[in-house]
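Single-structure report; data block below.
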Amino acid sequence: MPATTVPPVPRAAAQLLLNAVANPAQARQLLAAVTYVGRLSGRAARMRAMYACMYYGGPRPSEAIGLRRQDCELPDLCACTRDCSCDLPASAWGRLTLTKSRPRPGKLYTDSGEGHDDKGLKRRPVGDKRVVPIPPELVRILTEHLEQFGTAEDGRLFATSTGGTTSASAVWRIRHAARLIGLSPEQQATPLAGRPYDLRHACATLLLNAGVPPKEVARRLGHSMEVLWKVYAGCLDGDEERINRLIEKALAT
């Protein structure tokens, strides 16, 4: 009698916790809070723009760490506080061209003997790139970051004061400290923005709820449509009321 073949158990989709995704106001609070972490050393201030990239552009943490100046198209914006006669626009979109990722597998597992590897994009052919438009708010943050901190010798935007690679542990530690400053005690007791990667989740859900076509959201994040629907199609924290109003409007027609 032939053996019965047991079908494999489907893997459960990694669903988002709805209360883990920050809305725009909460994201701005957290980005501002980062600058108050270890204020005397200025170490956290160097990382504010990296967190902002993850929220406004959606790169993975390892992709954000690998960003170089030549990967950023940043139009000059008017920085005047009063009426002026300059020809610069008050707002304009820029672009990030993601080409590299710097995951941290550990020194024993890299060819260079360094803590971070220098690789291409995740699940992409060598040399492939992903162009992501970024809003004026991020253009300003990156411009300010470059004016204040410059770049590492190899052009990386986000580096330590000595030019080293920002460690994964620092990304987590400073993010945790920022939550204690930027969120209320009630919010701190929830998963809201509990991990640096949740900023990428927030970017995806923001785009989806703004009406950006899912195919374009998946392209910007470097995901398949399947992963997008399984993981990122969540609701923004506190956005339920707006969605209910949209449903009421549809029912009234």
Side-chain angles (χ1 to χ4, degrees), residues 27-74 76 79 94-122 126-127 129-130 132 134 137-182 193-200 203:
R28 292 187 182 99
Q29 286 175 209
L30 288 166
L31 290 176
V34 168
T35 62
Y36 288 91
V37 177
R39 201 165 188 180
L40 293 178
S41 68
R43 184 180 185 185
R46 290 176 171 272
M47 298 174 65
R48 172 177 174 255
M50 184 183 68
Y51 293 126
C53 283
M54 292 162 60
Y55 176 67
Y56 290 107
R60 297 174 176 88
S62 59
E63 293 171 344
I65 290 174
L67 270 174
R68 303 163 299 172
R69 178 62 184 91
Q70 57 264 41
D71 300 327
C72 306
E73 182 181 322
L74 305 174
D76 292 329
R95 290 186 180 87
L96 299 180
T97 301
L98 302 174
T99 60
K100 290 183 176 293
S101 175
R102 290 180 68 84
R104 188 179 177 86
K107 294 182 179 181
L108 296 177
Y109 303 98
T110 61
D111 294 334
S112 64
E114 298 181 355
H116 286 80
D117 241 339
D118 194 351
K119 294 186 175 182
L121 300 180
K122 187 176 181 180
V126 176
K129 61 184 179 181
R130 190 167 85 247
V132 179
I134 56 172
E137 198 161 350
L138 180 54
V139 171
R140 289 191 180 279
I141 291 173
L142 288 175
T143 300
E144 292 169 2
H145 175 85
L146 287 167
E147 289 175 352
Q148 184 174 1
F149 301 109
T151 67
E153 289 185 3
D154 58 1
R156 282 178 294 115
L157 267 65
F158 310 121
T160 65
S161 58
T162 58
T165 300
T166 303
S167 69
S169 62
V171 174
W172 273 83
R173 187 167 57 253
I174 291 174
R175 186 64 184 167
H176 174 71
R179 287 184 85 250
L180 299 179
I181 298 172
R195 306 171 303 164
Y197 207 96
D198 287 332
L199 289 170
R200 176 172 154 86
C203 176

**Prompt:** Can you list the steps and then say if Val132 with Tyr56 is a side chain to side chain contact (heavy atoms under 4.5 Å, CB included)?
**Reply:** CA-CA 10 Å; Val132 179; Tyr56 290 107; over 6 Å; no

**Prompt:** Would Val34 and Ile174 satisfy side chain to side chain contact (heavy atoms under 4.5 Å, CB included), going step by step from the backbone distance to the final call?
**Reply:** CA-CA 7 Å; Val34 168; Ile174 291 174; 4.2 Å; yes

**Prompt:** Where do Phe158 and Arg46 land on the side chain to side chain contact (heavy atoms under 4.5 Å, CB included) test, with the steps shown first?
**Reply:** CA-CA 7 Å; Phe158 310 121; Arg46 290 176 171 272; over 6 Å; no

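Partner of Thr99 under the side-chain contact (heavy atoms from CB on, under 4.5 Å) criterion, chosen from Arg68, Gln70, Arg130, Glu63: Arg68.
In terms of modelled atom types and a separation under 3.5 Å, the side chain of Asp198 and the main chain of Gly194 share a donor-acceptor contact. When atom types are taken as modelled, the side chain of Arg156 and the backbone of Gly163 share a donor-acceptor pair closer than 3.5 angstrom.
By the side-chain hydrogen bond (donor to acceptor under 3.5 Å, both in side chains) test, Arg173 pairs with no residue at all, sequence neighbours left out.
The two residues Asp71 and Gly66 have their closest heavy-atom pair at OD2-O, 4.1 Å.
Taking the centre and axis of the six-membered ring of Tyr197, the NZ or CZ atom of Arg60 falls outside the cone set by 45° and 6.0 Å.
In the displayed structure, Arg95 atom CZ is contacted under 6.0 Å by at most 12 heavy atoms of other residues, nucleotides or ligands.
With a 4.5 Å cut-off on side-chain heavy atoms, Met54 and Pro61 count as touching.
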If you look only at distance, which donor and acceptor atoms sit under 3.5 Å apart when one is on a side chain in residues 142-151 and the other is two or more places apart or in another chain?
residue, atom, partner, partner atom, Å
Thr143, OG1, Val139, O, 2.8
His145, NE2, Leu157, O, 2.8

